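See structure below.
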Number of protein chains: 2
Amino acid sequence: MATTGEPEERPSRGRRADARRNQQALLTAAAKVFVASGVDAPIRAIAAEAGVGMGTIYRHFPTRSDLVIAVYRHQVEACAEAGPRLLAEADSPFTALRRWVDLFVDFLVTKHGLAQAMQSGGGGFDALHAYFLDRLVPVCGQLLDASVEAGEIGSDIRAFELMRGIGNLCVGRENDPDYDPRRLIELLLRGLRPPRS
Amino acid sequence: MATTGEPEERPSRGRRADARRNQQALLTAAAKVFVASGVDAPIRAIAAEAGVGMGTIYRHFPTRSDLVIAVYRHQVEACAEAGPRLLAEADSPFTALRRWVDLFVDFLVTKHGLAQAMQSGGGGFDALHAYFLDRLVPVCGQLLDASVEAGEIGSDIRAFELMRGIGNLCVGRENDPDYDPRRLIELLLRGLRPPRS
DNA sequence: TTAATATACGGAGCACTGCTCCGCTTTGTC
DNA sequence: GACAAAGCGGAGCAGTGCTCCGTATATTAA
């Protein structure tokens, strides 16, 4: 079963002080290790970095997903909240969509292995997959709907499919000069435009 | 170093009879296990299925890539050879490209985990990645060039990037009714069309 | 302050996997 | 049949995920 939960949302009221400290230390350590070794770094390495035992990390974050979600929650939220804002600010819904996709891609490609993990790769990442989708698909759907309404999009693509495709295109070794996911995503977006009359 | 290989191309002349038998048994066993458990199935499982020891499998196929390549070589070759043929047969270069991509996608999505492995996921799959690219990028490039020449393509996408994008879009659990990579690939191809005048 | 209890900690240990290494077996040859 | 070369098998090591439970600590009550 996927753990749905916000382990660090409630700031640990009523729990023991050492537990709170350890949870914070784990988040900090995980962020550091993720940058260095990717989101599928050995759990032991994160525990060591935080100076705690294996049991502690599993108690606070039963699955890998829980830890990754906790580490990146703020940024995912920011991305989700940017959707409506862009829609209000931009010249047109499609421009907003384009910018939002850019934001999303920026987030993905700077996190080593996150794009891979976000696609239900089959590790302990199921909850992560669900979290991203639950949080961002509606936002993407809103941008998509607005673009359709404005007649800027001809295709009947669904938000889930688009997001999954974008995520997939971001999978792979970062810093590869021969592969820029943005270029392909631009192509994908261009493919959404209505057929020439 | 990536083994460049063709271990089964030369039909084992001059080698001992048991070695030839085992190699064949391994190919058969691997094909079966790949279907059941994907291309990243435990090596032990393949060895067991073939009724040989660990040493034997590593002697014949030093890396996982070597084994995967050997198992699917025929189909990759068929795909590579289909390129020029389609170019000759089809109404237009872009139609040929479209059909070829279809062929490629068919191949990828029916092999559990192959698309994932083909993108240098970082396992023992480096040689596999190189093989696919060496063999298919030139074919794709030919189709792309012909399409550009015919004025059917406006973008300056390179073959490597396109193939990599297609491969990426095919990554993920097969048989997911909510995600059809073909739809996104169609969008991608549509995005290649020249901008409306 | 001290005692009692719930809470949390730590890491040994098991299962699984990749890969190597080397003593033993089989094959081909004379 | 004897011999060397070729090949085989699997024990064993290292890395990893995850669990389990004896021990330590924080908190509360007295």
Side-chain angles (χ1 to χ4, degrees), chain A residues 1-3 7-8 10-27 29-30 33-34 36-68 113 117 121-128, chain B residues 1-3 7-8 10-27 29-30 33-34 36-68 113 117 121-128:
Chain A
M1 189 192 67
T3 54
E8 88 306 354
R10 159 178 32 61
S12 319
R13 290 276 179 199
R15 293 161 64 206
R16 266 171 52 168
D18 54 351
R20 263 172 290 164
R21 259 198 320 270
N22 279 331
Q23 176 145 322
Q24 200 48 53
L26 277 170
L27 284 175
V33 173
F34 286 169
S37 315
V39 294
D40 48 5
I43 297 288
R44 274 174 175 81
I46 300 166
E49 174 74 31
V52 306
M54 300 282 302
T56 300
I57 198 168
Y58 278 105
R59 192 171 320 104
H60 285 288
F61 305 101
T63 76
R64 221 197 192 68
S65 283
D66 294 321
L67 183 53
V68 177
F125 286 119
D126 288 351
L128 181 64
Chain B
M1 189 193 69
T3 54
E8 87 307 353
R10 159 175 36 55
S12 319
R13 290 276 179 198
R15 293 162 64 209
R16 269 170 48 168
D18 53 351
R20 263 173 290 164
R21 258 198 320 270
N22 278 332
Q23 177 144 323
Q24 200 49 54
L26 276 171
L27 284 175
V33 173
F34 286 169
S37 315
V39 294
D40 49 4
I43 298 288
R44 275 174 173 81
I46 300 166
E49 174 73 32
V52 306
M54 299 282 301
T56 301
I57 198 167
Y58 277 104
R59 192 170 319 105
H60 285 288
F61 305 100
T63 75
R64 222 198 191 69
S65 283
D66 294 320
L67 183 54
V68 177
F125 287 119
D126 288 350
L128 180 65

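Numbered from 1 within each chain, the chains take letters A, B, ... in sequence-line order. None of these values were measured; they are calculated from a predicted model.
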* To do: May I ask you to evaluate whether A:Thr56 reaches the phosphate of C:dA8, defined as a side-chain N or O under 4.0 Å from OP1 or OP2?
  =>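 A:Thr56 to C:dA8 OP1/OP2: no side-chain N or O under 4.0 Å.
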Once side-chain contact (heavy atoms from CB on, under 4.5 Å) is applied, do any residues pair with [X], and if so which ones, sequence neighbours excluded?
X       : answer
B:Phe34 : B:Ala30, B:Val39, B:Ile46, B:Leu67, B:Val68, B:Val71, B:Tyr72
B:Arg21 : B:Ala17, B:Asp18
B:Ala47 : B:Val52

* Asked: Taking the nucleotide of DNA chain D with the closest heavy atom to each, which residue, B:Arg44 or B:Ala19, is nearer the 5' end?
  ->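 Closest to the 5' end, via its nearest nucleotide, is B:Ala19.
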* 5'-most by nearest nucleotide on DNA chain D - A:Gly55 or A:Ala41 ->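 Closest to the 5' end, via its nearest nucleotide, is A:Ala41.
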* Asked: According to the side-chain hydrogen bond (donor to acceptor under 3.5 Å, both in side chains) rule, which pairs have a member within residues 38-48 of chain A, sequence neighbours left out?
  ->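 Listed once each, the pairs would be none.
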* To do: Using atom types as modelled and distance alone, determine if a side-chain donor or acceptor of A:Asn22 lies under 3.5 Å from a backbone N or O of A:Ala19.
  => no
* **Whether B:Arg20 side chain and B:Arg15 backbone form a donor-acceptor pair below 3.5 Å** => yes
* **Length of the CD1-P vector between A:Ile57 and C:dG10, whole Å** =>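 After rounding, the gap between these two atoms is 11 Å.
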* Atom CD of A:Gln23 and atom P of C:dG10: how far apart are they, to the nearest Å? ->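 So the two atoms are 14 Å apart, to the nearest Å.
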* Structure fact -> Assign each of B:Ile43 and A:Gly53 the nucleotide of DNA chain C bearing its closest heavy atom; nearer the 5' end lies the nucleotide of A:Gly53
* B:Gly124 vs A:Gly51, nearer the 5' end of DNA chain C by closest nucleotide ->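 Going by which nucleotide is closer to the 5' end, it is A:Gly51.
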* Quick one: what's the B/S/- string for nucleotides 22-30 of chain C, heavy-atom cutoff under 4.0 Å, read 5' to 3'? -> ----BSS--
* Looking for any heavy atom pair under 4.0 Å, which part of the strands does A:Arg64 touch: base, sugar-phosphate only, or nothing? -> sugar-phosphate
* Considering only side-chain heavy atoms of B:Met54, which listed nucleotide, C:dT17, C:dC9, C:dC19, is closest? -> C:dC19
* To do: Not counting sequence neighbours, list each pair that qualifies as a salt bridge (charged side-chain N to carboxylate O under 4.0 Å, His left out) and has a residue in residues 45-54 of chain A.
  => A:Lys32-A:Glu49
* Check the pair B:Leu27 / B:Phe61 against side-chain contact (heavy atoms from CB on, under 4.5 Å), numbers first and verdict last. => CA-CA 10 Å; B:Leu27 284 175; B:Phe61 305 100; 3.9 Å; yes
* To do: On DNA chain D, reading 5' to 3', which nucleotide is the first and which the last to sit with an atom under 4.0 Å from a heavy atom of chain A, could you check?
  => D:dT16 to D:dT27
* First locate atom CZ of B:Arg59, then atom CD of B:Gln23, and finally report the distance between them rounded to the nearest 0.5 Å. =>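 B:Arg59 atom CZ to B:Gln23 atom CD measures 11.5 Å (nearest 0.5 Å).
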